[in-house]
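One-based numbering, in listed order, for ligands and for the atoms of each.
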Amino acid sequence: MSVRTRADLDQLPAYVAGKSVPGAIKLASNEVSGGPLPGVRETVATAACEVHRYPDIAVGRLTEVLAERFGVDTGRVAVGCGSVALCQQIVQATCNGPEDEVLFPWRSFEAYPIITRIAGATPVTVPVTDAHALDLEAMRAAITPNTRVVFVCTPNNPTGTVLHRAELERFLDAVPTDTVVILDEAYFEFVTDPDAPDGMDLLRGRDNVVSMRTFSKAYGLAGARVGYAVGPAKIIEALRKVCIPFSVNALAQAAALASLDAEDELKVRCAEIAEERDRVRSGLLDLGFEVAESQANFVWLPLGDTAQAFNDHCMANKVVVRTFAGDGVRVTIGKPDENDAFLAAAKSYRP
Ligand SMILES: *Cc1c(COP(=O)(O)O)cnc(C)c1O
């Protein structure tokens, strides 16, 4: 007899990570090229001297600092092993069988279908619009009494589009109050559109809305694994109950705290990346590519069937991008010289 693993694991799609290729420029995982913020390396080095001790299981100091920053009680903040862990925790805390539905746009963050399946729940997807934006009307229409969680990714990964405040407020007002809405704001710090909402404002006065953010992207801590959720106490408490004990490690806690002390540098960095994003997009438009409007640190080229050929051409030019075969290519904004290398590759591409 062989061991009995879950039969439904066969349906589980694998997470495809951006490739690292020695000698090539990596624009595949939405990391920032600039590295950790000032002071972070030293803080982590010091914290490393204590790694024989377990981390603070309650992530106390970081939770306090975040709560203060957003003007909420500490009971309304949960820290996780990356915000992807918090996404999984919310599904585990709300769903317990295939009748429970998790609704999200598609294409969107590739972890959503995976974590939904891990929890044994049923994914329900709503296609993005022709402009590659979330279709909130259709998402609202797809909510059923079984919908436990709705993921609203803004800016959306991988298309880059952002929602506007008024449309998102209308949507939130229309969602049943017993359905949890996750505002996945992993790229919030790169947004420059003044009509884009700050999720922290939208969750005030709503008992079913949570904002999730991460230190992986703008803060440059993808390898440390730390993200956070801010929302109603009842949901935050549920998130904490299903957390793997000690999963936010000591180095990650120290790195996040030090990063929050470098707010000025963070702002400068994000402004530079946003400027580069707009430059890369215009460059691509000038070359004749279709490019979705982006408010994140990446751009989306909806290349359809030619996505793989474009990917291979970039790779031959030593630029690693993230390709969703048959759909499109997502290109992270790096440093200006890295972006120039990508633009040069795009320029020499012949479909
Ligand atoms: C990167 C990303 C996250 C979180 O990443 P972590 O590294 O787990 O914090 C969450 N949502 C989206 C849409 C992302 O792109």
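With T161 contributing its side chain and H132 its backbone, the two residues share a donor-acceptor pair below 3.5 Å. The closest donor-acceptor contact from the side chain of N339 to the backbone of G334 lies under 3.5 Å.
A side chain to side chain contact (heavy atoms under 4.5 Å, CB included) with T332 holds for exactly one of N297, V280, V321, V299; it is N297.
At least one heavy atom of R225 sits under 4.0 Å from some atom of ligand 1. Judged by the shortest distance from any of its heavy atoms, G227 lies outside the 4.0 Å radius around the atoms of ligand 1. Using 4.0 Å as the threshold, C153 has a heavy atom nearer than that to some atom of ligand 1.
By the 4.0 Å N-to-carboxylate-O rule, R279 lies close enough to D340 to be salt-bridged with it.
Separating the CZ atom in R69 from the CG atom in L260 is a distance of 4.5 Å, to the nearest 0.5 Å. The distance from atom CG of L136 to atom CD of E167, rounded to the nearest 0.5 Å, is 5.5 Å.
In terms of polar-atom proximity, defined here as any N/O pair under 3.5 Å, G82 makes no such contact with ligand 1. Between T214 and ligand 1, an N or O atom pair is found at a separation short of 3.5 Å.
If you look at V84 next to ligand 1, the close heavy atoms, those under 4.0 Å, come from the backbone and the side chain alike. Here F215 has no heavy atoms under 4.0 Å from ligand 1, in either its backbone or its side chain.
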